[in-house]
2 protein chains.
Amino acid sequence: MKKKPSGSEDISAAKEEGSRRKLTRAEEVRARLADDIVDGKLSPGMPLDETEIAASYGVSRTPLREAIRDLAAMGLVETRPHRSAIVTRPSPEHLRQMFHVMAELEALCASLAAASMTLSERRNLEIIHEGLARILKENDPSHYHVLNEKFHAAIYAGSQNAYLVEITLATRRRLSPFRRAQFLTAGRLAKSYKEHDAILVAILQGNRELAAESMRRHILTVEDSYEEYAGLK
Amino acid sequence: MKKKPSGSEDISAAKEEGSRRKLTRAEEVRARLADDIVDGKLSPGMPLDETEIAASYGVSRTPLREAIRDLAAMGLVETRPHRSAIVTRPSPEHLRQMFHVMAELEALCASLAAASMTLSERRNLEIIHEGLARILKENDPSHYHVLNEKFHAAIYAGSQNAYLVEITLATRRRLSPFRRAQFLTAGRLAKSYKEHDAILVAILQGNRELAAESMRRHILTVEDSYEEYAGLK
DNA sequence: TATAAGCTTATTGTATGCAATATTGCATAC
DNA sequence: GTATGCAATATTGCATACAATAAGCTTATA
């Protein structure tokens, strides 16, 4: 797996911002930490020692603390005064609730997208879907994962609602550490693709209710898949 | 209007936390700033000078900067490197989008509440509603406002979904500066009460779809009311 | 031996000073 | 008269030192 060129987007949802701006130390550190949490290099429950991490990243504690505060606001870490921040480890119940909300948010995106996506956005979504078909044949989970994110992001954007995009992406990021393993369960890739197909068709038909319901099911299946993997059911 | 004893809740939604913990300077400052923004003492667009505010609050820039960062994460202020943070001033279009999402989130809360509220929660909601009836007769907008918040919060809690409560409250707080004036428009109090009544009945009946739709309408009416007040339509 | 109180140590919270960068005013050219 | 570039200034970004608090250990006592 290749190293990502840049970290997670801006905390409050991808302000475009010419984007080749010189980053502050705090932003760099935040991106690195967020990536490490999201793709599992830092496990839930793990404490983050300020002095230690600051030293290892070659910055002082000041920007590191600001980064940790941002992560706390994103829900990726939890802080208590005079204690080390720890990577968030939600209870199974809380995780279920988050998946449920995620399903509703994505369903809303899909519904709005079915009503409002522009022609070029629809075309783009089809292209992504075709790409997923090709990757499916190679059975390459990590490659599939990347394009899968794009598929969902394209639908978010299709809702034409920047705030909805913001909170949906934020929720998705927060759940990332717990969705990572889903594509490793047998046959999940193929099932995922079929579900995407139903969503795509509904959106292209402009069928809001069907798009929403297909998406809702898709996300809740992801949750099932996680719970199965994690041995929670 | 009396001074509030404590500021806004914890950034990531009211962790109960014994709550009589000694607050850090950064937390105190954040609460004060958040309150000042939410109830309009700091207007959208206004820059926040770190040195100046730190001095006026009697703290150093370090905790103040951390507080501002939290506010940025909440969406109450916007920051750019080497520029002063400014109180968020969303475009009319963005504001509309946020109201739309707010309506959907509250509708979801209402729907889940209709299905899942406990008996004591239902009873409590009725009591709040009766309180609103009494206040209505006195035509006291600021008093009505306080109990109105409780009415909505009770429905959020009734959803039995902590994460949904978290993002709904966060969205509500972010919209607060733009909902403040709503109860000043003629007859809004009485209309609001009637809308609440419809919502309450639907929830008590366990009618999810009706509860959702009543709530959705209620929130979008609030938006209308704001836009009218702001001269946007 | 178990327990609890007090001290010790490690870690976070805050203040302050310096560095880096954006803004402002002025000078100069067109 | 307007625009452009440079210098001066003000403000934020960062590092470091110190203060405050919580965790761990030691020791005394039942």
Side-chain angles (χ1 to χ4, degrees), chain A residues 6-7 10-12 15-34 37 42 45-74 76-88, chain B residues 6-7 10-12 15 17-34 37 42 45-74 76-89:
Chain A
S6 97
D10 188 65
I11 181 170
S12 55
K15 314 264 180 192
E16 61 307 312
E17 172 78 40
S19 67
R20 203 63 82 266
R21 192 194 72 212
K22 189 180 173 189
L23 292 141
T24 64
R25 305 265 203 291
E27 287 171 324
E28 288 174 13
V29 170
R30 181 185 64 207
R32 286 184 61 178
L33 282 173
I37 292 171
L42 295 172
M46 186 174 292
L48 304 177
D49 183 299
E50 293 182 2
T51 308
E52 184 186 330
I53 296 178
S56 80
Y57 281 26
V59 300
S60 78
R61 281 178 53 224
T62 308
L64 178 80
R65 279 173 61 81
E66 295 189 341
I68 286 181
R69 221 156 228 281
D70 291 350
L71 298 178
M74 295 186 223
L76 290 178
V77 307
E78 290 170 1
T79 64
R80 288 162 59 194
H82 296 287
R83 311 279 171 82
S84 297
I86 63 167
V87 179
T88 301
Chain B
S6 97
D10 189 64
I11 181 171
S12 54
K15 314 265 179 193
E17 170 80 38
S19 68
R20 204 60 84 264
R21 191 194 72 212
K22 189 181 173 189
L23 291 137
T24 63
R25 305 264 201 293
E27 287 171 324
E28 288 174 13
V29 170
R30 181 185 63 204
R32 286 184 61 177
L33 282 173
I37 292 172
L42 295 172
M46 188 175 292
L48 304 177
D49 182 301
E50 292 183 2
T51 308
E52 184 185 330
I53 296 178
S56 80
Y57 281 27
V59 300
S60 77
R61 282 178 52 224
T62 308
L64 178 80
R65 280 173 60 80
E66 295 190 342
I68 287 181
R69 219 157 231 279
D70 290 349
L71 297 178
M74 295 186 222
L76 290 178
V77 306
E78 290 171 0
T79 64
R80 288 162 59 194
H82 297 284
R83 311 274 172 82
S84 297
I86 63 167
V87 180
T88 301
R89 182 166 52 186

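Rounded to a whole Å, the CD1 atom of Ile86(B) is 16 Å from the C1' atom of dT11(D). We find that NE2 of His82(A) is positioned 18 Å from P of dA10(C), with the value rounded to whole Å. Separating the CG atom of Leu23(A) from the P atom of dG13(D) is a distance of 13 Å, rounded to the nearest angstrom. When rounded to the nearest whole Å, the span between CD of Glu66(A) and P of dG13(C) equals 13 Å. As a whole-Å value, the separation of Arg65(A) CZ from dG13(D) P is 16 Å. In this structure, Asp49(B) places its CG atom 14 Å from P of dT23(C), rounding to the nearest Å. Atom CD of Glu50(B) and atom P of dG17(C) are 17 Å apart (whole Å). Whole-Å rounding puts the Arg80(B) CZ to dT11(D) P distance at 17 Å.
Among all heavy-atom pairs drawn from Ile68(B) and Val77(B), the shortest one is O-CG2, 3.7 Å. Nearest heavy-atom pair, Leu64(B) versus Ala54(B), reported as atom, atom and distance to 0.1 Å: CD2-N, 3.8 Å. Heavy-atom minimum distance, Pro47(B) versus Ser84(B): CB-CB, 4.2 Å.
In the region residues 52-62 of chain A, proximity to DNA chain C at under 4.0 angstrom, judged on heavy atoms, holds for Arg61(A).
Two residues are said to be in side-chain contact when any heavy atoms from C-beta on lie closer than 4.5 Å; Leu71(A) and Arg30(A) meet this criterion. At a threshold of 4.5 Å between non-hydrogen side-chain atoms, the residues Pro63(A) and Val29(A) do not count as touching. Using a 4.5 Å heavy-atom cutoff, the side chains of Leu48(A) and Leu42(A) are in contact. Residues Thr79(B) and Arg69(B) form no side-chain contact, since every pair of their non-hydrogen atoms from C-beta on lies 4.5 Å or further apart.
In this structure, CD in Glu78(B) is found 5.0 Å from CD1 in Ile86(B), a value given to the nearest 0.5 Å. For the atom pair OG1 (Thr24(A)) and NE2 (His82(B)), the distance works out to 7.5 Å, reported to the nearest 0.5 Å.
Consecutive Watson-Crick or G-U pairs involving DNA chain C, each under 3.5 Å on both distances, make up stems of three or more pairs at C:1-30 with D:1-30.
A sub-4.0 Å separation between OP1 or OP2 of dA23(D) and a side-chain N or O of Arg83(A) is present. In terms of phosphate contacts, Ser84(A) brings a side-chain nitrogen or oxygen within less than 4.0 Å of OP1 or OP2 of dT12(C).
Taking the side chain of Pro63(A) as heavy atoms from C-beta on, and the options dA15(D), dT11(C), dG13(D), the nearest nucleotide is dA15(D).
Among the atoms of the strands shown, none is found under 4.0 Å from any heavy atom of Leu64(A).
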